[in-house]
Amino acid sequence: MAVNLKGRSFLTLLDFTPEEIRYMLDLAHDLKAKKRAGICGNMLKGKNIVLLFEKTSTRTRCAFEVAAHDEGAHVTFLDSGSSQMGKKESLEDTAKVLGRFFDGIEYRGFDQEVVEKLAQHSGVPVWNGLTDVDHPTQILADMLTIEEHISKPLNKVKVVFCGDVRNNMAYAWMYGCAKMGMHFVGFGPDKLIKGIEKKVLNEVNEVAKETGAVIELSSKPGCLAGADVLYSDIWASMGEEDQIPERVKLLTPFRITEETLAATNNPDVIFLHCLPSFHDFETTMAKTQMDLGYDIREVTDEVFRSKHSKVFDEAENRMHTIKAVMVATIG
Ligand code: CP
Ligand code: NVA
């Protein structure tokens, strides 16, 4: 049956079939090739979209804005300080108002329930630009990057996510791997493995039964063998900065180094990271924390800058995949 995603919200990959995810990836490959060939301009012509950001962003905001402009849409940006949402106006009323003005709504913030409520009450597609428990547009970009650099179908690819295995990126990866029949390993300390919500594990294991995905969690470096992709994320996500001391203690053995690359026994292994990344001391946060005695680097500069690292292709792919999501749902 032909895939039709018109009018659908994009809240989590769990809401989509493998065929629908395949469709968005194929569309993204196609839109990327077209942009390279100078062909773009009207797939979102006459559409208005609004971007709501309650957390900061570089890539996600720019990806939505550039993708929208490329295809002729108009963009309104609202951050948490510049709208009435939640303070003087309920989420439900805000959603109803925005649904009268806009063809699509992007939301980045804390609770997944907020993005769900916006979708429930606005009557237009809502796109999840990151919550505390998911980051689905990032996974589409990561899969596109994997397909560009690894000559195997996704269901033969092993991804090892190193570090904070209970954060939004780890959950999003588990959902994505489960849906696409991939091999996922969450490599992190037992304490954080124990912190993964049971509901998440139950959901991904149910999906995996149907797709043949393998979802594993391990604190033992042996799990790195045969990895095609090593993935990392910062150790304290937005809103968790007070947990840096404990995280550094727990996660230092899980920093991606040249030894981690070697432990995969795969000379072609690629390194991916959603970014932003602490890989040196060129940021105020990395410097300030180092002065306090905390080395917050989740990956070494050598690995980040190595030939294995495809992180800037991955960052570019945020734009092509977000464009695909918008074109598929409101185009
Ligand atoms: N990867 C990602 O979502 O980056 P931003 O926080 O800059 O949007
Ligand atoms: N886990 C990170 C992802 C940033 C893209 C955070 O939520 O801050």
Side-chain angles (χ1 to χ4, degrees), residues 10-13 28 51-68 75 77-80 106-112 114-115 127-146 159 161-176 186-188 192 195-197 200 229 231-244 246-248 250-251 254-256 271-279 283 285-286 289 296-299 304 309-323 325-326:
F10 185 83
L11 307 184
T12 171
L13 286 179
L51 310 180
L52 305 176
F53 278 82
E54 296 197 312
K55 287 177 177 169
T56 51
S57 167
T58 298
R59 276 145 293 273
T60 309
R61 176 182 177 180
C62 295
F64 271 98
E65 294 210 13
V66 173
V75 181
F77 176 81
L78 293 175
D79 63 22
S80 54
E106 181 275 355
Y107 174 80
R108 165 174 288 198
F110 297 87
D111 294 341
Q112 183 76 8
V114 173
V115 84
W127 308 299
N128 182 351
L130 180 146
T131 62
D132 285 348
V133 294
D134 212 334
H135 196 7
T137 63
Q138 179 70 49
I139 298 299
L140 284 188
D142 299 343
M143 288 181 176
L144 194 79
T145 313
I146 290 172
V159 177
F161 181 98
C162 305
D164 183 7
V165 292
R166 34 102 281 152
N167 79 4
N168 45 10
M169 276 311 311
Y171 284 8
W173 256 119
M174 282 193 247
Y175 300 145
F187 174 47
L192 294 183
I196 299 173
E197 287 175 52
V200 172
V229 180
Y231 201 99
S232 194
D233 185 9
I234 52 173
W235 289 345
S237 290
M238 287 179 272
E240 296 183 340
E241 287 76 10
D242 60 330
Q243 295 175 44
I244 286 175
E246 192 204 356
R247 290 287 165 74
V248 169
L250 281 171
L251 288 167
F254 300 89
R255 174 178 295 133
I256 298 186
F271 168 70
L272 296 179
H273 191 304
C274 52
L275 305 182
S277 163
F278 295 115
H279 56 92
T283 60
M285 192 178 285
Q289 291 298 333
I296 61 172
R297 290 171 307 147
E298 67 278 354
V299 56
F304 189 87
S309 176
K310 308 297 174 197
V311 295
F312 294 109
D313 289 342
E314 182 186 9
E316 177 190 332
N317 284 338
R318 296 298 310 287
M319 199 280 285
H320 304 296
T321 42
I322 280 173
K323 189 186 281 181
V325 170
M326 289 197 289

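Both ligands and their constituent atoms are indexed starting at 1 by order of listing.
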Stepwise side chain to side chain donor-acceptor pair (under 3.5 Å) test for Tyr231 and Asp142: CA-CA 10 Å; Tyr231 201 99; Asp142 299 343; 2.8 Å; yes

Test of proximity, Ser237 against ligand 2: N or O pairs below 3.5 Å: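 Ser237 vs ligand 2: N/O contact under 3.5 Å present.
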
Heteroatom proximity flag, Arg108 to ligand 2, N/O under 3.5 Å: no

Out of all atoms in ligand 2, which are within 4.0 Å of some heavy atom of [X]? Include the element for each.
X: Asn167; answer: 1 (N)
X: Leu275; answer: 5 (C)
X: Asn168; answer: 1 (N), 2 (C), 6 (C), 7 (O)

Among protein heavy atoms, which sits nearest to [atom], and what does the distance come to when rounded to 0.1 Å?
atom: atom 2 (C) of ligand 1; answer: Arg318 NH1, 3.2 Å
atom: atom 4 (C) of ligand 2; answer: Leu130 CD1, 3.9 Å
atom: atom 8 (O) of ligand 2; answer: Met238 N, 2.8 Å
atom: atom 7 (O) of ligand 1; answer: Thr58 N, 2.7 Å

Any [X] heavy atom less than 4.0 Å to ligand 1:
X: Leu130; result: no
X: Lys55; result: no
X: Arg108; result: yes

side-chain contact (heavy atoms from CB on, under 4.5 Å) assessment of Met238 paired with Phe110: CA-CA 9 Å; Met238 287 179 272; Phe110 297 87; over 6 Å; no

Verdict with reasoning, Arg166 to Tyr171, per side-chain contact (heavy atoms from CB on, under 4.5 Å): CA-CA 7 Å; Arg166 34 102 281 152; Tyr171 284 8; 4.2 Å; yes

Close side-chain approach of Arg318 and Val66, heavy atoms under 4.5 Å: no

Chi angles and distances behind the side-chain contact (heavy atoms from CB on, under 4.5 Å) call for Ile256, Phe304: CA-CA 9 Å; Ile256 298 186; Phe304 189 87; over 6 Å; no

Lys/Arg-Asp/Glu bridge criterion (N-O < 4.0 Å) met for Arg61, Asp79: no

Passing option when [X] is tested against [options] for side-chain hydrogen bond (donor to acceptor under 3.5 Å, both in side chains):
X: Gln112; options: Thr12, Asn128, Asn168; result: Asn128
X: Gln243; options: Glu240, Arg247, Glu246; result: Arg247
X: Thr60; options: Gln138, Glu65, Glu106, Arg108; result: Arg108

Any N/O pair Cys274/ligand 1 closer than 3.5 Å: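 Indeed, backbone or side chain, Cys274 has an N or O that close.
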
Backbone of Arg297 reached by a side-chain donor or acceptor of Arg255 within 3.5 Å: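 Pair found, side chain donor or acceptor close to backbone of Arg297.
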
Under 4.0 Å to a heavy atom of His135 - the qualifying atoms of ligand 1, by number: 2 (C), 3 (O)

Ligand 1 atoms in contact with Arg59 (distance to a heavy atom under 4.0 Å): 1 (N), 2 (C), 4 (O), 5 (P), 7 (O), 8 (O)

Part of Asp132 within contact of ligand 2 (heavy atoms, under 4.0 Å):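 It is neither; nothing of Asp132 touches ligand 2.
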
Per-residue contact class, Asp164 against ligand 2 - non-hydrogen pairs under 4.0 Å: neither

Full working for side-chain contact (heavy atoms from CB on, under 4.5 Å) between Phe161 and Asp233: CA-CA 8 Å; Phe161 181 98; Asp233 185 9; 4.0 Å; yes

